[in-house]
Structures are given as C-alpha cells and as structure tokens.
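Notes to accompany the following structure.
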There are 2 protein chains.
Amino acid sequence: MRKQSSTNTINKEHIESNCGIAYTNSVLNGRWKLNILAFLLDEEKLRYSELKTRLIGISERMLIAQLKELQADGLVHRNSYPEVPPRVEYSLTPKGKSLEKILIQMAEWGTKNNQN
Amino acid sequence: MRKQSSTNTINKEHIESNCGIAYTNSVLNGRWKLNILAFLLDEEKLRYSELKTRLIGISERMLIAQLKELQADGLVHRNSYPEVPPRVEYSLTPKGKSLEKILIQMAEWGTKNNQN
DNA sequence: CTGGATCCGACATGATACTG
DNA sequence: CAGTATCATGTCGGATCCAG
C-alpha cells in the first residue's frame, strides 16, 4: 500500500481501472474543495484572508489543507509576493478552470433541487 | 442560508451559485456515491449483489449506508420483490437521473485528466 | 498576514460474524 | 440474497498556540 503523497485518503491505485468518475471524485472530494473552486472561478484570484472570509465556518487549518491538496492535484495556483506583510493570492490553473462547466452545472442542479 | 453583506461587494449570482454547490456537494459527498450513481445510470437497475460486485472494495456496511442516504435524498429508488430468496433492485429516480449530464462530464474530465 | 504544529473528539469507513 | 450488529481503526476537522 503506497503511502499517499499529499492528496487525500482515497487510494488511486484501483481507481483507474474503474472509470473517470472515481478520479474526479478523489480530486473534488472534501467538504470545502468545491466551494473553494467555485469562488476562485468566480473571482479569478483571491487572497488567503479573502477566501477565509467567504468560506464561512472553515478553520485556518482546513483552508490551508484543502488549498494544499488542490495545489497538489494541479487545480489551484499559489502566488506569494515577497512583501511585508505577506500577500498570497490563489487562482485556478488551466486544469482547474476546465472544471468550469461541471461546477456551473452542479450549482444549477443544487439551486434547483434544494427545496427547504 | 443566504447571508447578505448589505450592498454588493459580492454579487448575487455568486452567492446562489455557492449555495447550490454546497447542496450538491452535501448530496454527492461520500466516497462511493458518485460511483453508485454512475453504475445505476449506466445499467438502469442493479441488484444489491451486483452493486457490491462492481464497487470493488466497498464493505456491505458502507454500501447499505450509502444506498440509504441516496434514498433519503431522493436520488435512488429501492424496489424489493417478495420472493425467496430475496431480490432487491436499485434504480435512479428522476431526480437522480437529472444528474446525468454532470456525471457524464465528471467521467470525461476524470478520464482526460487522470494521467497514470 | 499567512501560515505551521499539536492535541483531541467526532465521524467515516472497514472486517467480520450473524440473521430472516 | 440482502441485509444487521458489533467491534476496530483511521481520517477529518476544530481549537489553540506559535512563527516569519
């Protein structure tokens, strides 16, 4: 059992044998990832603190963790500026942007089917 | 659930889109749900044992649990026949089928981006 | 401001034996 | 065949303190 490099708990060994859905799931699975991607898709780039403000309820620990996983999976780009105080901006990579259609459809589906 | 900053630093589309995504995420969240839905989408209806065979590595406990949640969310229909031995077939509800486009796109994206 | 490190409880998931 | 019950394990995710 190969130790996970950095992504998440789902082992990617016997995933490829099944179908693309499993890989997509392994990349997007997580309580906050879809929301993070949606915000970045909407606003191009966001600072760490801006993300934290928008993701109501997330802890710093989780925000950092999810961002790292998204970076490891090549969906999110991290750009830090050598300033004081530090400034870090996150944005979508092309791979991340290629999820746009899926994200939009998920948003539409959720809005339509969430009857509370 | 929509909270509003009085004016419009954040546009409405944005907020709705994220609420929708949050609901979609909450419904699809889980290690196996997407795969279960994908198999049911593909094969119309499947028996419990057929699902178990296809979902390599899932435990009975998890399969039942995920199926129950999918039923509770109205995505999957359970049809049991009064026979001996018992026969139970699972299929997608219309709500479940309405995820078809999303599932197909996730499968395509996963196949295209899973470079192993 | 942007994180890193650690502790800990809650919960997701798995293994296995058992039942109608 | 289609589940349940029980026990065991690991991961998630929050709180808190610390650092450049």
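Predicted model only: the values in this text are computed from it and were never measured.
- As judged by a 4.0 angstrom heavy-atom cut-off over every strand, A:Y81 is placed among residues making no nucleic acid contact.
- Nucleotide C:dT13 holds its C1' atom 13 Å from the CD1 atom of B:I36, rounded to whole Å.
- The nucleotide whose nearest atom lies closest to any side-chain atom of B:S59 is, among D:dG13, C:dG14, D:dG14, C:dG14.
- The side chain of B:R87 contributes no N or O atom lying less than 4.0 Å from OP1 or OP2 of D:dA2.
- Shown here for B:L103 and B:A38, the closest heavy-atom pair between the two residues is CD1-N, 4.4 Å.
- For C:dT2, the OP1/OP2 oxygens have a side-chain nitrogen or oxygen of A:R47 closer than 4.0 Å.
- Between the CD1 atom of A:I56 and the C1' atom of D:dG14 there is a distance of 17 Å, given to the nearest Å.
- With 3.5 Å as the limit, one finds a donor-acceptor pair spanning the side chains of A:Y81 and A:E89.
- Taking only side-chain atoms of A:W32, from C-beta outward, the nucleotide of C:dT2, C:dC1, D:dG14 with the closest atom is D:dG14.
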Please report the C-alpha distance between B:Y23 and A:K112 in whole Å, then the side-chain angles of each, then the deciding distance to 0.1 Å, and finally whether the side-chain contact (heavy atoms from CB on, under 4.5 Å) criterion is met.
CA-CA 10 Å; B:Y23 173 72; A:K112 193 183 306 176; over 6 Å; no
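- The side chain of A:R78 sits closest to C:dG3 out of D:dG13, C:dT2, C:dG3.
- The nucleotide whose nearest atom lies closest to any side-chain atom of A:I64 is, among D:dG14, C:dG4, C:dG20, C:dG4.
- Looking at the side chain of B:M62, the nearest of the listed nucleotides C:dG4, C:dG14, C:dT2 is C:dG14.
- In this structure, the side chains of B:K95 and A:W109 come closer than 4.5 Å at one or more pairs of heavy atoms.
- For the pair B:S80 and D:dA2, the criterion of a side-chain N or O lying under 4.0 Å from OP1 or OP2 is not met.
- Closest to the side chain of A:P85, out of C:dC1, C:dT13, C:dG3, is C:dC1.
- Looking at A:R61, its side chain comes within 3.5 Å of the base of C:dT6 through a donor and an acceptor atom.
- Residue B:E50 is the one, among B:N29 and B:E50, whose nearest nucleotide of DNA chain D lies closer to the 5' end (criterion: closest heavy atom).
- Nearest to the side-chain atoms of B:Y48 among the listed nucleotides C:dT2, D:dC1, D:dG3 stands D:dG3.
- Side chains of A:V76 and A:L92 form a contact here, defined as non-hydrogen atoms less than 4.5 Å apart.
- Residue A:K68 places at least one side-chain N or O closer than 4.0 Å to OP1 or OP2 of C:dG4.
- Within the nucleic acid shown, B:E83 has no heavy atom closer than 4.0 Å to any nucleic acid atom.
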